[in-house]
There are 2 protein chains.
Amino acid sequence: MTQRRVTIKQVAAEAGVSITTVSHVLNDVPGKRVHPETRTRVREAAARLGYAPNVLAQSLRTQRSNTIGLVGDEIATTPFAGKIILGAQDVALSRDAVVFVVNTGYQRDLESRGIDELLRRQVDGILYATMYHRQVELPPQLAAVPTVLINASCTTSGVPWVVPDEVSGGEDAADVLLAAGHRRLAFINDVDEIPAAFGREEGFRRRLTAAGIRDDDVRVVTAETDPAGGYEAARELLTGDKPPTGIFCFSDRVAMGVYRAAAELGLRIPDDLSVVGFDNQEFIAEGLHPGLTTIELRHYDMGAWAAEQLFERIEAPAGTRAAAPTARLRGPVIHRASVAPPPAAHEPQRRRNLA
Amino acid sequence: MTQRRVTIKQVAAEAGVSITTVSHVLNDVPGKRVHPETRTRVREAAARLGYAPNVLAQSLRTQRSNTIGLVGDEIATTPFAGKIILGAQDVALSRDAVVFVVNTGYQRDLESRGIDELLRRQVDGILYATMYHRQVELPPQLAAVPTVLINASCTTSGVPWVVPDEVSGGEDAADVLLAAGHRRLAFINDVDEIPAAFGREEGFRRRLTAAGIRDDDVRVVTAETDPAGGYEAARELLTGDKPPTGIFCFSDRVAMGVYRAAAELGLRIPDDLSVVGFDNQEFIAEGLHPGLTTIELRHYDMGAWAAEQLFERIEAPAGTRAAAPTARLRGPVIHRASVAPPPAAHEPQRRRNLA
DNA sequence: CATCTCTGCCCAATCGTTTTGCTTTGAGGA
DNA sequence: TCCTCAAAGCAAAACGATTGGGCAGAGATG
């Protein structure tokens with residue numbers, strides 16, 4: 001099996017020229033003159049034999065492997081991650097490059113192993129992704145090779161990164177609820193002190209105060225980022241006095257818990273309670289009933305942006321070190337059916353929708 | 001940046017020997033005699049310089065790249081897929097190999113592009129995975145290289161494959177419900193005619209008849225494999241006469257719809273209705289309330305099994321073509337809280353639980 | 001007719017390894 | 001003193017490409 005692949009030498013023989021010439025015509029080397037007739041002869045020979053250059057040999061010679069690595073703590077184990085891979089892969093493939101994927105879990109040694117293995121294979125660059133938006137310290141080995149961060153920022157200068165725009169995510173969530181007419185709101189935030197938590201809360205609060213909502217009409221509580229956490233938090237919010245008419249959830253999974261709490265309390269969504277999620281996690285946001293209005297996390301685009309940047313840096317001649325670009329990607333709000341005007345009754349605030 | 005990596009030549013210089021000798025000692029080439037003292041001198045030099053062989057050069061020479069490819073239609077875009085990647089990667093890394101991931105979507109040309117790109121990089125073998133268990137025709141290019149199928153079977157002989165054991169999945173689901181005492185059951189199957197649909201139904205039915213359940217006490221309906229489909233199907237099942245007390249769902253997403261239908265009809269799970277899912281799709285099975293009892297799909301293990309097989313075949317000397325092994329992996333049932341004995345009342349059948 | 005200038009092509013070095021033979025050295029036997 | 005042989009190490013040829021520098025031959029030029 002595995003019959004030997006056809007090499008440049010065979011093409012040369014078939015076309016009756018030297019391998020040099022074959023290389024010249026197949027690569028369209030500028031400044032090299034070869035007779036048009038010979039050109040087509042070579043091309044035809046190559047086509048006839050089904051020749052495709054051996055990338056290993058090519059890479060060895062040119063010191064460019066057309067291969068990038070994607071390493072991350074949970075790059076393969078969460079639903080988001082796949083999208084990152086996909087984004088990166090799509091731009092890679094558009095440049096005839098291929099992507100190594102290394103999932104490190106949270107074992108520092110595995111990460112190190114993986115990166116070494118990639119470097120030994122002369123990857124042109126590495127995408128370093130984290131599952132949750134956070135700040136990281138770069139593994140030292142990465143200094144040797146162009147690197148771009150995904151879903152993470154870092155203090156080392158000169159390293160581009162891309163993260164979700166948490167603040168405007170919070171703003172957008174607020175806007176959706178405000179636009180529907182809600183004036184008493186809550187945010188179920190993550191317990192962990194991470195950029196996503198800070199940012200979303202900041203954006204959310206900012207828009208509410210800008211809209212003139214009084215401080216004691218907005219409650220921010222924290223909970224575990226899962227359905228159980230959301231359930232607990234929502235029960236507490238909804239059974240207290242002056243319950244919110246709209247709840248913004250740190251994640252779709254949290255929203256899942258809110259749905260349950262609402263159902264138990266006899267509150268219909270969206271008639272009695274509006275809910276906005278975060279992530280647009282397929283299977284949840286779409287699967288809930290009614291469909292969950294939520295803010296999308298643009299994992300595909302982060303992967304693609306990062307890959308673009310990476311190739312940019314790989315191709316830039318050594319000296320040209322432009323300042324490292326960074327990006328905060330603003331996710332669109334995905335409108336489904338979980339937001340509606342608040343129930344008309346017993347609202348102390350001015351009421352606007354007098355049909 | 002990207003300071004040149006240290007090569008074998010530098011190690012040789014540092015140790016004061018030829019590169020031949022360095023190679024001999026570092027690879028422990030059997031039958032080659034080199035003085036113990038020289039050995040340690042070389043080893044120390046290598047360590048001091050932090051030498052790691054260039055895999056590209058190595059591969060070029062040895063025709064073995066220690067690299068495998070994982071290509072699949074949705075290898076990166078579904079929650080399952082990640083587990084497959086992970087399983088494959090883990091066994092690969094344990095052999096100092098690395099995994100290329102190529103997601104092809106359903107575009108035949110992209111698939112072809114991707115595979116070519118992998119072959120040009122001399123991958124030692126390829127794992128070919130499909131998202132849904134089905135039968136496939138192998139891309140012709142794969143004939144050139146060892147291949148193992150994941151989640152798919154194929155008619156080409158000599159190609160190992162691994163798939164979920166659908167039949168025993170159906171059996172296990174039946175057993176769970178039977179053991180709880182249910183005698184009137186339903187299966188919401190997939191509309192598509194795929195192995196998963198056939199197999200699960202076969203297993204499910206087999207156990208029921210073996211348990212003496214009468215044919216008109218088991219209903220099998222089909223629905224789209226999503227919450228909406230499950231909802232519709234469940235409503236119909238539960239509002240008809242002689243409604244089932246236990247429902248086996250083709251997938252956890254379908255079960256999600258069943259939960260909603262039950263809630264609407266005032267049926268509590270598991271008191272009034274028992275539900276069994278399939279997939280153990282994190283975030284759903286666990287996130288539903290009460291937690292969904294379901295059959296796990298062992299994606300990680302499929303990835304790992306396939307990778308093992310692949311390396312086995314790669315390492316087997318050319319002539320040794322053992323018959324291609326195949327495997328059906330039986331998933332464990334994950335017990336949560338959605339199954340309980342049927343309600344005691346108004347059962348026409350013999351009643352057993354007379355507390 | 002000698003020289004110059006293109007044109008069209010090829011030689012050989014190189015990338016960093018592995019691997020197949022040598023070659024060198026010194027000890028031991030005749 | 002010479003020969004043989006094992007031990008220890010090295011030179012050089014791959015692997016399959018790219019690339020800088022030639023080199024032959026045909027026209028053009030003086």
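Chain naming here is simple, since letters A, B, ... match the order of the sequence lines and numbering starts at 1 in each. It should be emphasised that the depicted structure is a prediction, and the values quoted were computed from it without experimental measurement.
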### Message
Checking A/L60 now: which residues fulfil side chain to side chain contact (heavy atoms under 4.5 Å, CB included) with it, not counting sequence neighbours?
### Response
B/N54, B/A57, B/L60
### Task
Please give the angle, rounded to 10 degrees, between the axes at the start and the end of the helix from C/dC1-D/dG30 to C/dA30-D/dT1, where five pairs define each axis.
80°
### Query
Residues two or more places apart in sequence or in another chain: which of them pass side chain to side chain contact (heavy atoms under 4.5 Å, CB included) with A/S59?
A/V55, A/S65, B/L56
### Query
If you look only at pairs with a residue in residues 113-150 of chain B, which of them pass as a ring-ring contact (aromatic ring centres under 6.0 Å, His included), with sequence neighbours excluded?
none
### Task
Taking salt bridge (charged side-chain N to carboxylate O under 4.0 Å, His left out) as the test, write out the residues that go with B/R298, two or more places apart.
B/D301
### Pairs satisfying side-chain hydrogen bond (donor to acceptor under 3.5 Å, both in side chains), at least one member in residues 85-109 of chain A, at least two apart
A/D90-A/Y300, A/R95-A/E308, A/R95-A/E315, A/D96-B/R113
Residues 17-26 of chain A, side-chain donor-acceptor partners within the protein, below 3.5 Å, at least two apart:
unit_1 : atom_1 : unit_2 : atom_2 : d
A/S18  : OG     : A/T20  : N      : 3.3
A/S18  : OG     : A/T21  : N      : 3.2
A/S18  : OG     : A/T21  : OG1    : 3.3
A/S23  : OG     : A/N27  : ND2    : 3.4

### salt bridge (charged side-chain N to carboxylate O under 4.0 Å, His left out) partners for B/R120, two or more places apart
B/E117
#### Entry: A/S112: partners by side-chain hydrogen bond (donor to acceptor under 3.5 Å, both in side chains), with sequence neighbours left out
A/Q141
### Task
Give, ordered by number, those residues of residues 19-27 of chain B having at least one heavy-atom distance below 4.0 Å to an atom of DNA chain D; if nothing qualifies, reply none.
B/T20, B/T21, B/H24
### Task
Under the side chain to side chain contact (heavy atoms under 4.5 Å, CB included) rule, what do A/T7 and A/Q10 come out as? Steps first, then yes or no, please.
CA-CA 6 Å; A/T7 77; A/Q10 300 174 41; 3.9 Å; yes
### Message
Counting only heavy atoms and a strict 4.0 angstrom limit, can you tell me which residues of residues 43-62 of chain A come near DNA chain D?
### Response
A/Y51, A/P53, A/N54, A/A57, A/Q58, A/R61, A/T62
### Query
For B/Y51, what residues pass the ring-ring contact (aromatic ring centres under 6.0 Å, His included) criterion, not counting sequence neighbours?
none
### Message
Can you identify which nucleotide, out of D/dA17, C/dC15, D/dA8, has its nearest atom closest to the B/H35 side chain?
### Response
D/dA8
